[in-house]
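Accompanying notes for the structure given below.
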Amino acid sequence: MKPFFRLACAIVAMSALSHSAMAEENQQHLFNLPPEAFQPNPKVPGQMVYLKPGADLKQYHAVILEPLSFLERQADGNWQLLVAAEKNKIDRYYRMSMETALRKEHIKVVTVQGPGVARLRVAVTGFQQDKPGLAVSDILPIKAAFNLARFATGTDPYLLKVSTMGQLDDSQDHTLLAGGVNLIENPGSKTKDEAITAELLKKMISNWTAKNARQLAHALSPAK
């Protein structure tokens, strides 16, 4: 999927969150920005980023972590594989993983707003699973019997992709400072009908939060 098409889809999806827990009076959101306000990040494949013109992120040294938000079930059924009871587990693991990653990068994680404190809000905007194409080796005679049987039973692997949108706000005046749209993929695979659980996403979340923490440390002013 091309970056700008993926961005447009994420912005449309994110608009459904305008009345969710993320919404606050006078709160600005990434989904109110036009697609041309975003630029592809050459250092992070699959990421589109926004930076408020004139914003100085180096004046921020600490972060308030908001709970992970989830887009509600979509008409196309993208959420049918997510076990509802797993949402809280996924949120808890995300915040634990993100806080650990931020502290490793010497960024303070706080709970009280104040000067130099930014608020990080992240939402999962969709799930997608793709069936990888057959490799040439899959149709060699030595593997054919195994693969045909595997495909017949419906246990062939699918790659899970998760799209997210995150934004950084000033904790005091709620000014939108920066944000990004990400597409992350699991390093392993799942079967088509396997439920999406916290356990399935753990490695994916750990890798993602570590990368995000490094990116934030580069942009903000971590403690020395």
Side-chain angles (χ1 to χ4, degrees), residues 7 10-11 14-15 17-70 88 90-125 162-184 204-224:
L7 170 64
I11 289 177
M14 191 68 172
S15 65
L17 290 171
S18 59
H19 298 295
S20 74
M22 284 183 66
E24 291 182 5
E25 187 177 359
N26 300 322
Q27 177 64 49
Q28 297 173 296
H29 296 280
L30 286 183
F31 58 75
N32 290 326
L33 300 176
E36 56 267 25
F38 295 80
Q39 297 294 327
N41 186 344
K43 297 182 179 180
V44 183
Q47 183 183 70
M48 304 291 292
V49 293
Y50 164 79
L51 177 64
K52 179 185 176 182
D56 179 14
L57 298 184
K58 291 298 184 183
Q59 66 177 296
Y60 296 91
H61 61 271
V63 169
I64 295 174
L65 286 180
E66 290 292 319
L68 188 65
S69 295
F70 293 89
N88 288 337
I90 294 170
D91 170 51
R92 285 196 299 271
Y93 188 80
Y94 156 74
R95 280 195 279 173
M96 179 187 71
S97 181
M98 180 60 84
E99 181 168 352
T100 299
L102 288 171
R103 293 190 188 281
K104 285 183 179 178
E105 298 295 337
H106 306 290
I107 298 176
K108 294 180 181 179
V109 178
V110 299
T111 57
V112 180
Q113 65 185 35
V117 177
R119 188 183 302 272
L120 179 62
R121 303 169 184 271
V122 175
V124 173
T125 58
V162 181
S163 55
T164 68
M165 181 176 278
Q167 68 180 62
L168 204 62
D169 311 320
D170 183 277
S171 66
Q172 293 181 296
D173 63 14
H174 306 297
T175 299
L176 173 59
L177 301 169
V181 176
N182 297 275
L183 180 66
I184 52 178
M204 200 173 185
I205 292 172
S206 295
N207 292 337
W208 173 50
T209 53
K211 291 178 181 178
N212 281 1
R214 286 194 295 269
Q215 193 171 356
L216 282 171
H218 179 76
L220 306 183
S221 293
K224 302 300 183 181

Does the side chain of Y50 come within less than 4.5 Å of V181's, by heavy atoms?
no
With the side chain counted from C-beta on, respond yes when M204 and V162 share a heavy-atom pair under 4.5 Å apart, and no when they do not.
yes
Does the side chain of L33 reach to within under 4.5 Å of the side chain of L176, using non-hydrogen atoms?
yes
Would you compute the distance between atom CE of M165 and atom CE of M48 and round it to the nearest 0.5 angstrom?
10.5 Å
ring-ring contact (aromatic ring centres under 6.0 Å, His included) involving Y94 - partner list, sequence neighbours excluded
W208
Residues R103 and E99 bridged, charged N to O under 4.0 Å
yes
For a side chain to side chain contact (heavy atoms under 4.5 Å, CB included) check, start with the C-alpha distance between L220 and L168, then their side-chain angles and the critical distance, and finish with the verdict.
CA-CA 11 Å; L220 306 183; L168 204 62; 4.0 Å; yes
Verdict with supporting geometry, N212 and V122, side chain to side chain contact (heavy atoms under 4.5 Å, CB included)
CA-CA 11 Å; N212 281 1; V122 175; 5.7 Å; no
Taking the side chain as C-beta and beyond, is there a heavy-atom pair between V49 and V44 under 4.5 Å?
no
Measure the shortest side-chain to side-chain distance between I90 and V124 over non-hydrogen atoms and say whether it is less than 4.5 angstrom.
no
Which heavy atom of L177 sits nearest a heavy atom of D169, and at what distance?
CD1-C, 3.7 Å
As an exercise, state the distance from CD of Q47 to NZ of K211, rounded to the nearest 0.5 Å.
10.5 Å
Counting distance only, does the side-chain N/O of N182 pair as donor-acceptor with the main-chain N or O of I184 below 3.5 Å?
no
Considering all heavy atoms of both residues, which atom of A217 and which atom of E105 are nearest to each other, and what is their separation?
CB-CB, 3.7 Å
Taking atom NZ of K58 as the centre, report whether more than 12 heavy atoms of other residues, nucleotides or ligands fall under 6.0 Å from it.
yes
Measure the shortest side-chain to side-chain distance between L65 and M98 over non-hydrogen atoms and say whether it is less than 4.5 angstrom.
yes
Residue pair T209 / S206: nearest heavy atoms and the distance that separates them
OG1-O, 3.1 Å
Looking at side-chain heavy atoms only, is the closest gap between Q215 and N41 below 4.5 Å?
yes
So which atom in R119 and which in E66 form the shortest heavy-atom distance, rounded to 0.1 Å?
NH1-OE2, 2.6 Å
Under 3.5 Å, is there a donor-acceptor pair between the side chain of D91 and the main chain of L68?
yes
Please list every donor-acceptor pair under 3.5 Å in which a side-chain atom of residues 107-118 meets a protein atom from a residue at least two apart or in another chain.
none

For P40 and P42, work out which heavy atoms get closest and say how close.
O-CD, 3.3 Å
